[in-house]
Every structure is written in C-alpha cells, then in structure tokens.
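Report on one structure; see the data block that follows.
Along the sequence shown, the residues carry numbers beginning at 1.
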Amino acid sequence: MQAPTDRVGLSEFFDRYGTALTSGDVVAIANCHALPGMVVSDAYSFTFATPAAVALSFLGAAPSYEERQIVAAHAQLIDVQALSPVLSLVSVEWEYLDSRGNAVPGESYSYLLRLGADGPRITTVIARR
C-alpha cells in the first residue's frame with residue numbers, strides 16, 4: 001500500500017479520474033469514489049451512497065465538457081497533506097485541453113482521499129475558487 005502522500009500514485013489516480021471525466025465514463029468515475037461520498041461547493045452540497053448515485057451526479061457534468069469540447073484533463077497537484085495513515089487532502093488545479101489542442105481554463109478542487117487496499121478513493125470533493 002502506498003503512503004497517502006505518494007505524488008506519483010496520486011498523479012496516476014487523478015490521470016485515470018480525468019480520463020473518466022472527459023470521456024463521460026460514469027462507471028469509472030464511480031469506481032474512483034468511496035461510499036458514502038460528498039460534494040461541497042458554495043452553492044450546494046450533496047451526498048451519494050451508491051455507485052449509481054455517483055454516476056447520476058456526474059451525468060450533469062458531461063454536457064459542460066462536450067459544450068466546451070474538452071477532450072483531456074490533467075490534474076496539477078498543488079498540495080498534498082497527510083491527515084492520517086490512510087486519509088489525505090489533495091488540492092488540485094485541473095488543466096483542460098479542447099478538441100483543437102487549445103488550453104481551456106480549469107477548475108480547482110480539494111479532494112479528501114481514503115487509501116485502501118485497491119488504492120485511493122475520493123470521499124469528499126470540495127469546490128475551490
């Protein structure tokens with residue numbers, strides 16, 4: 001099992017997550033989350049307790065990626081804090097690429113991750129400015 005602050009392992013995890021997000025692979029997105037999970041922003045919060053609920057929550061994001069023609073996402077790890085032997089808080093700035101190869105302004109999130117036998121899983125997503 002890797003340490004909760006292993007940047008190489010975390011980068012690989014977020015690469016898989018970014019690929020799932022931009023391809024609309026809601027099954028892969030759901031597999032990146034621990035259950036129950038939570039999403040928190042300035043305007044709303046919601047929880048999910050099943051893989052189907054995770055998938056449904058991300059179906060709404062797919063049209064936004066399609067509208068902006070985003071085909072790739074890269075997570076730049078800004079900060080990684082070990083909170084316990086299995087929990088880490090990871091601040092990420094997403095860098096997007098559109099279908100014409102142009103950079104698209106990204107978004108910033110903090111992710112509370114739990115490290116398990118099968119690697120990290122997202123327990124909480126916090127939207128940042």
Which distance, rounded to the nearest 0.5 Å, do you find between the [atom1] of [X] and the [atom2] of [Y]?
X	Y	atom1	atom2	answer
Q81	S88	CD	OG	9.5 Å
L113	L87	CG	CG	9.0 Å
Y109	I126	OH	CD1	12.0 Å
L89	T5	CG	OG1	12.5 Å
I122	R114	CD1	CZ	12.0 Å
W94	S108	CH2	OG	11.5 Å

Reference residue L10; test side chain to side chain contact (heavy atoms under 4.5 Å, CB included); the match among V92, L77, L115: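 Option passing the side chain to side chain contact (heavy atoms under 4.5 Å, CB included) with L10: L77.
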Show the nearest heavy-atom pair for residues [X] and [Y], with the distance to one decimal.
X	Y	result
I70	V104	CD1-CG1, 4.2 Å
H74	D15	ND1-OD1, 4.0 Å
A28	A20	CB-CB, 3.7 Å
V54	L35	CG2-CD2, 3.8 Å
F46	S57	CE1-CB, 3.6 Å
F14	A75	CB-CB, 3.6 Å

Under 3.5 Å: donor-acceptor pair, side chain of R121, backbone of N31: yes
Test log, rule side-chain contact (heavy atoms from CB on, under 4.5 Å), inputs M38 and T123: CA-CA 6 Å; M38 179 186 299; T123 64; over 6 Å; no
S41: side chain to side chain donor-acceptor pair (under 3.5 Å) partners, not counting sequence neighbours: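 Per chain and number, S41 pairs via side chain to side chain donor-acceptor pair (under 3.5 Å) with no residue.
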Which residues share a side chain to side chain donor-acceptor pair (under 3.5 Å) with S91, sequence neighbours left out: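 S91 satisfies side chain to side chain donor-acceptor pair (under 3.5 Å) with S110 once adjacent residues are dropped.
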Same apolar cluster (I L V M F W Y, side chains within < 4.5 Å links), L56/V40: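 No, separate clusters.
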Side-chain H-bond candidate by donor/acceptor type, E107 with Y96, under 3.5 Å: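 A pair is found: one side chain offers a donor N or O, the other an acceptor, under 3.5 Å apart.
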Sub-6.0 Å ring centroid separation between H33 and Y111: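 No, the ring of H33 stays outside the 6.0 Å limit from the ring of Y111, centre to centre.
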Partners passing side chain to side chain contact (heavy atoms under 4.5 Å, CB included) against A53 (at least two apart in sequence or in another chain):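 Scan of A53 (side chain to side chain contact (heavy atoms under 4.5 Å, CB included), adjacent residues dropped) gives F48, T50.
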